[in-house]
Amino acid sequence: QVQLVESGGGLVQAGESLRLSCAASGRTISSYATGWFRQAPGKEREFVAAISWRGSSTSYADSVKGRFTISTDIAKNTAYLQMNSLKPEDTARYYCAASRMSVVAGPIDYWGQGTQVTVSS
């Protein structure tokens, strides 16, 4: 069993940055592929970024490529999402996810409770 707890969300202006954290407990995060999804009001949850369980490969949605960076710190058992040049359309609740197989292809085995990111124009 893995528990994922996100933090770092908040209200920022367009062009600013935020770093989201996803602290894992119960199992080492290096045993799982981890990633981030987001869901805006009235929209479906969408993939944002993923990193393989070895940290050797990353994937990004086209909408965030070049602006967001996913990483993991095995010693802290934590995954991060560095978000730069934020846009109002990045406003959503961001969820951390872990998968024994693939965050992109699924299935997702564990979800965090989410953290809200709001970007004002």
Chi angles and distances behind the side chain to side chain contact (heavy atoms under 4.5 Å, CB included) call for Arg67, Asp90:
CA-CA 11 Å; Arg67 299 188 298 123; Asp90 294 319; 2.7 Å; yes
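- Summarising the geometry, atom SG belonging to Cys96 is positioned 9.5 Å from atom CD1 belonging to Ile108; distances are rounded to the nearest 0.5 Å.
- If you chain together hydrophobic residues whose side chains sit under 4.5 Å apart, Leu81 and Val2 never meet in one group.
- Distance check, rounded to the nearest 0.5 Å: OG1 of Thr28 to CH2 of Trp53 gives 10.5 Å.
- Between Asn77 and Arg27 the shortest side-chain heavy-atom distance does not fall below 4.5 Å.
- Put simply, the side chain of Glu6 does not reach to within 4.5 Å of the side chain of Leu20, judged on heavy atoms.
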Applying side chain to side chain contact (heavy atoms under 4.5 Å, CB included), run through Val119 and Glu89 and close with a yes or a no.
CA-CA 8 Å; Val119 184; Glu89 50 263 44; over 6 Å; no
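- In this structure, the side chains of Tyr32 and Tyr110 come closer than 4.5 Å at one or more pairs of heavy atoms.
- Both Ile70 and Leu86 belong to a common hydrophobic cluster when Ile, Leu, Val, Met, Phe, Trp and Tyr are linked at side-chain heavy-atom distances under 4.5 angstrom.
- Cluster membership for Tyr95 and Leu4, using ILVMFWY side-chain heavy atoms within less than 4.5 angstrom, is not shared.
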Test side chain to side chain contact (heavy atoms under 4.5 Å, CB included) applied to Arg45 and Trp111, step by step:
CA-CA 12 Å; Arg45 189 173 297 188; Trp111 291 97; 3.1 Å; yes
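- Residues Ser99 and Gly106 come closest through the heavy atom pair OG-C, 4.4 Å.
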Report the C-alpha distance between Arg38 and Val64 in whole Å, list the side-chain angles of each, state the deciding distance to 0.1 Å, and finish with yes or no for side chain to side chain contact (heavy atoms under 4.5 Å, CB included).
CA-CA 12 Å; Arg38 66 186 182 187; Val64 306; 3.9 Å; yes
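- Between Tyr60 and Ala49, the shortest heavy-atom distance links the atoms CD2-CB, 3.6 Å.
- Residues Val103 and Phe37 form a side-chain contact, since some pair of their non-hydrogen atoms from C-beta on lies under 4.5 Å apart.
- In this structure, Tyr94 and Phe68 have tilted ring planes: the angle between them lies in the 30° to 60° band.
- Of all heavy-atom pairs spanning Gly9 and Val117, the tightest one is CA-CG2, 4.1 Å.
- Atoms CG and CD, from Leu11 and Gln116 in turn, are 9.5 Å apart once rounded to the nearest 0.5 Å.
- Interatomic distance, OG of Ser121 versus CD of Gln13, reported as 9.0 Å (0.5 Å rounding).
- Checking side-chain atoms of Ser52 against main-chain N and O of Ser57 turns up a donor-acceptor pair under 3.5 Å.
- The minimum heavy-atom distance linking Thr78 with Ser21 is given by the pair CG2-CB, 4.2 Å.
- Rounding to the nearest 0.5 angstrom, the gap separating the CD atom in Gln39 from the CD atom in Glu44 is 8.0 Å.
- Cluster note: Ile74 groups with Ile29 through ILVMFWY side-chain heavy atoms spaced under 4.5 Å, whether in direct contact or through intervening members.
- Contact detail for Ala40 and Ala92: the closest heavy-atom pair is N-CB, 3.8 Å.
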Should Asp62 and Lys65 be marked as a salt bridge (charged side-chain N to carboxylate O under 4.0 Å, His left out) after you check the CA-CA gap, both sets of side-chain angles, and the distance that decides it?
CA-CA 5 Å; Asp62 287 343; Lys65 203 170 292 184; 3.1 Å; yes
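- Hydrophobic clustering, with ILVMFWY side chains joined whenever heavy atoms are under 4.5 angstrom apart, keeps Tyr80 apart from Met83.
- The two atoms that bring Val12 and Ser17 nearest to each other are CG1-O, 4.2 Å, heavy atoms only.
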